[in-house]
Asker: 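Would you mind keeping the following structure in view while I ask a few things?
All values reported here derive from a predicted model rather than from experimental measurement. Count residues from 1 along the sequence.
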Amino acid sequence: MTKFDTPVVVPQLPWVQTPLVRSSALSKLAGCEVYLKLDLLQPSGSFKSRGVGNLILKSLSSNANRHIYSSSGGNAGLAAVSASVSLGTSCTVCVPTATSEFMKAKIRAAGAASVITHGASWVEADSMTRKLLKADPTGVYCSPFDHPDIWEGNSTIVDECVDQLGGEVPDVMIASVGGGGLFLGLAQGLRRHGGSGKTIVAVETEGAESLAESLKAGKLVTLPGISSIATSLGARTVAEKAFEEAQRSEVRSAVVSDAAAARACVRFADEERMLIEVACGASLAVLYETGLKNVVPELKPDSKVVVVVCGGK
Ligand SMILES: *Cc1c(COP(=O)(O)O)cnc(C)c1O
């Protein structure tokens, strides 16, 4: 018998370990050691494969016969379908009318059971999701950002970075914030590695700055609408937990313009030869335009900074 006689079933996680690469251009620019965590290489094209993937994985561990319901502007739905398919279950995605045909086609092509368009924004699409869920006893609700399993899944970014830095915890992590699921994952991961005193830069775009506005007001603020082109950051209210976490002095909130985020995408493509979306460009705009030292003045030449290159769809 050869080793090829028996099919080998490899249990597949819905996410992969992504490379962490040092950028000499960005290190020179920022005056410290800048690394890129390439989560645009996840199966779904964004870090959402981790959090959403973990939520779905956990919900199937108790009962494999489930149908997943995801409400999303795009990336979370794509991650939910991609995870569901790799774990052998089915998934319905509700998106608002604002979601592009391009994205809907991607979600369908990934193997969605159905893609339902409902309402002008995520809030309406989400209420539709919950309605469908109520009618299906096998249904599992998959939030794009607001669940402990999502934060736990996203926290694996930090585990990998620490491992890839030879056991060192990054001094600064930069991430874009929509509803705050990525941010909460980083905070949780840093805490687990004894790095609760390390800095997180939480970046939003003007017109989607629900976290910055909440911090300014000292209470959870709901934006009247989203006017930023960075639709992946378009949560009118961040998770309550994200607001709590962001009040710590180790967290720095930064807001960049849509234009700066878009220019960052172009420059990143030029210099690093990778395509990212505007939501991700926002994090890079802090380095390219705001200046990291203006946000984190205590930065030293040997500080290790990780930018989460969160997605490219
Ligand atoms: C979802 C998403 C974000 C924001 O993540 P939250 O967990 O909602 O804060 C940022 N960038 C990309 C590419 C995303 O898909």
Asker: Supply the atom-to-atom distance Ser283 OG to Ile276 CD1, rounded to the nearest 0.5 angstrom.
Answerer: 8.5 Å
Asker: So, taking the atom named OG in Ser84 and the one named CD1 in Ile56, what distance separates them when rounded to the nearest 0.5 Å?
Answerer: 4.0 Å
Asker: Could you measure the distance from the CG atom of Leu36 to the OG atom of Ser23? Nearest 0.5 Å is fine.
Answerer: 5.0 Å
Asker: Are the side chain of Thr89 and the backbone of Arg66 linked by a donor-acceptor contact shorter than 3.5 Å?
Answerer: yes
Asker: Is the shortest side-chain heavy-atom distance between Val305 and Ile174 below 4.5 Å?
Answerer: yes
Asker: Do Val172 and Leu287 belong together in a cluster built from hydrophobic side chains that touch within less than 4.5 Å?
Answerer: yes
Asker: Can Ile150 be reached from Leu184 by stepping across I, L, V, M, F, W or Y side chains whose heavy atoms are under 4.5 Å apart?
Answerer: yes
Asker: Is Ile116 reachable from Ile68 through a run of hydrophobic residues whose side-chain heavy atoms are each under 4.5 Å from the next?
Answerer: no
Asker: So is Arg263 actually on top of Tyr288's ring, under 6.0 Å and inside 45° of the axis?
Answerer: no
Asker: Atom OH of Tyr35 and atom CD of Gln164: how far apart are they, to the nearest 0.5 Å?
Answerer: 11.0 Å
Asker: Do the side chains of Val295 and Thr290 get nearer than 4.5 Å, heavy atoms only?
Answerer: yes
Asker: Output yes when a side-chain donor or acceptor of His147 lies under 3.5 Å from a complementary backbone atom of Asp149, and no otherwise.
Answerer: yes
Asker: Any chance you could measure Ser143, atom OG, to Leu55, atom CG, to the nearest 0.5 Å?
Answerer: 8.0 Å
Asker: Could you check whether Phe145 and Trp122 have their ring centres less than 6.0 Å apart?
Answerer: yes
Asker: Roughly how far, to the nearest 0.5 Å, is NZ of Lys198 from CG of Leu190?
Answerer: 8.5 Å
Asker: Quick test of your reading of the model: are Lys104 and Glu101 salt-bridged, counting only N-O distances below 4.0 Å?
Answerer: yes
Asker: Out of Arg50, Arg192, Arg191, which residue meets the side-chain hydrogen bond (donor to acceptor under 3.5 Å, both in side chains) rule with Ser155?
Answerer: Arg192
Asker: Closer than 4.0 angstrom, basic N to acidic O: yes or no for Arg267 and Glu272?
Answerer: no
